[in-house]
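Step one of this worksheet: look at the structure below.
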Amino acid sequence: MVEVDRSTVTPADVAAKFPRYRELFRVRVRDNDPARSGQEPADHTVHWWRRTWPGHTRAGYPPVALVVTDAGPLALAGRQQAVADLSADCWRGRWCREVRDYNDDGWREYDDAVPIVATTLELLAEHGPLGPVWWRFGRSGRHSLVEALENPNNRTAYDLRQAAREDEEHKAHQELMDSLVCIDCGDVPEEESTWEYGRQGQVEWTRRPGGRCRPCHQDREERLEREAEEQLEAARTANAALRPCWTCRGSIGGGGGRRARSWSCGRRPGRTGWSAPSAYRPAMGWRCRCGFG
């Protein structure tokens, strides 16, 4: 349908026609298609314009073309913008969102919207109806008629934006996981924090850059513990070899709770012992508690 505006009425009067177009497009009539004979009576009705234009496949109602003329270029541009602002409820479409995507983005559904394309009579005379002369309300710039009739910011456009966001999130997540690679086994985690089972039950294990995975961390802790025990045992053995008990030849380096004592003779004195000078100790030797029991 075509609406011609010769600038003889106000933009509000022009914009008031488009709600009436939408009410007209909403009218449903009985469909006598034999293919629907087995359906419920409520399904036997269709929008009347679908019987008039059966080839219409776009979402929404048939488009309405607004052609303005009889004014200067600036006045005509302002007039088109004013009509678009006043009739936005008819052509804008219904805003929808996908809650599970966790963003403020969305798209518009045009099942109850009237697509409106506008141009001037001068542009039509210069480029023809198939040229880039049509401004689709809700879009920027002028396009050919086929491009102008494409619904802006629809679900397809949203899906493309969402796919780009998911690709960016996946890329950032993968970069983070690559930075958390285990320095021992080279394992790359799938998540930054996981719940692991160990000797202390279920614990939350968080990877750090330059760190280790849970199994490698446990292996390292056990290895360090064994090495510490081996070093302690080696130190005790070396100490025992340097100062053995001259009676039992056992270790006096701290093992078994024994304490080294030295006496001036082989006899057990009273409660008070006398420590020989260091010059005589090699000749007398050291005793642990075994010699005083």
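All values below were derived from every heavy atom in this structure, side-chain atoms included, with hydrogens, water molecules and symmetry-related copies excluded.
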[X] versus [Y]: any side-chain heavy-atom pair under 4.5 Å?
X	Y	answer
Q174	D178	yes
F137	S87	yes
E126	T120	no
V117	H143	no
Y110	P152	yes
T119	W134	yes
H217	C182	no
L76	E122	yes

Given D112 and R26, is the side-chain contact (heavy atoms from CB on, under 4.5 Å) satisfied, shown in steps? CA-CA 8 Å; D112 192 41; R26 285 174 175 174; 2.6 Å; yes
Please round to the nearest 0.5 Å and tell me the distance separating atom [atom1] of [X] and atom [atom2] of [Y].
X	Y	atom1	atom2	result
L124	L130	CG	CG	10.0 Å
C90	R20	SG	CZ	10.5 Å
H170	M177	NE2	CE	11.0 Å
L24	R22	CG	CZ	12.5 Å
F25	E23	CZ	CD	11.5 Å
R97	Y102	CZ	OH	11.5 Å

Looking only at non-hydrogen atoms, find the nearest pair between [X] and [Y] and report the distance.
X	Y	answer
W95	D104	CZ2-O, 4.2 Å
R108	G93	NH1-O, 3.1 Å
A84	W135	CB-CH2, 3.8 Å
A113	P115	O-CD, 3.5 Å
E3	K17	OE2-NZ, 2.6 Å

Run E150 and R139 through side-chain contact (heavy atoms from CB on, under 4.5 Å) and show every step you take. CA-CA 10 Å; E150 294 295 331; R139 297 180 60 181; 4.2 Å; yes
Report the relative orientation of the aromatic rings in W49 and Y61; use parallel for angles under 30°, tilted for 30 to 60°, perpendicular for over 60°. perpendicular
Would you say [X] and [Y] are hydrophobically clustered, going by side-chain heavy atoms of ILVMFWY under 4.5 Å?
X	Y	value
V188	L176	yes
M1	W91	yes
F18	V9	yes
Y21	V4	no
L123	L149	yes

Distance alone, cut at 3.5 Å: any donor-acceptor contact between the side chains of D5 and Q80? no
Any chance you could lay out the side chain to side chain donor-acceptor pair (under 3.5 Å) test for Q218 and E222, step after step, and finish with the verdict? CA-CA 6 Å; Q218 290 178 329; E222 293 175 358; over 6 Å; no
Check R161, R155, Q162 against D159 for a side chain to side chain donor-acceptor pair (under 3.5 Å) and give me the one that passes. R155
Show, in sequence, the C-alpha distance, side-chain angles and deciding distance for E98 and Y158, and conclude whether the side chain to side chain donor-acceptor pair (under 3.5 Å) test is met. CA-CA 10 Å; E98 191 68 68; Y158 170 81; over 6 Å; no
Under the side-chain contact (heavy atoms from CB on, under 4.5 Å) criterion, do L66 and V68 qualify, and how do the steps go? CA-CA 6 Å; L66 174 64; V68 295; 4.1 Å; yes
Walk me through whether D70 and R79 qualify under salt bridge (Lys or Arg N to Asp or Glu O under 4.0 Å). CA-CA 11 Å; D70 291 347; R79 191 172 184 84; over 6 Å; no
Start with the C-alpha distance between R212 and E221, add both sets of side-chain angles, then the distance that settles salt bridge (Lys or Arg N to Asp or Glu O under 4.0 Å), and finish with yes or no. CA-CA 11 Å; R212 296 173 175 83; E221 292 295 320; over 6 Å; no
Does A118 offer a backbone N or O that forms a donor-acceptor pair with the side chain of R142 under 3.5 Å? yes
Note: R214-D187 ion pair, threshold 4.0 Å (strictly below): no
Would the number of heavy atoms belonging to other residues, nucleotides or ligands and lying under 6.0 Å from CG of L74 be above 12? no
Please indicate whether R6 has more than 12 foreign heavy atoms, meaning atoms of other residues, nucleotides or ligands, lying under 6.0 Å from its CZ. no
Could you walk me through whether E229 and E225 pass the side-chain contact (heavy atoms from CB on, under 4.5 Å) check? CA-CA 6 Å; E229 292 177 354; E225 185 177 349; 3.9 Å; yes
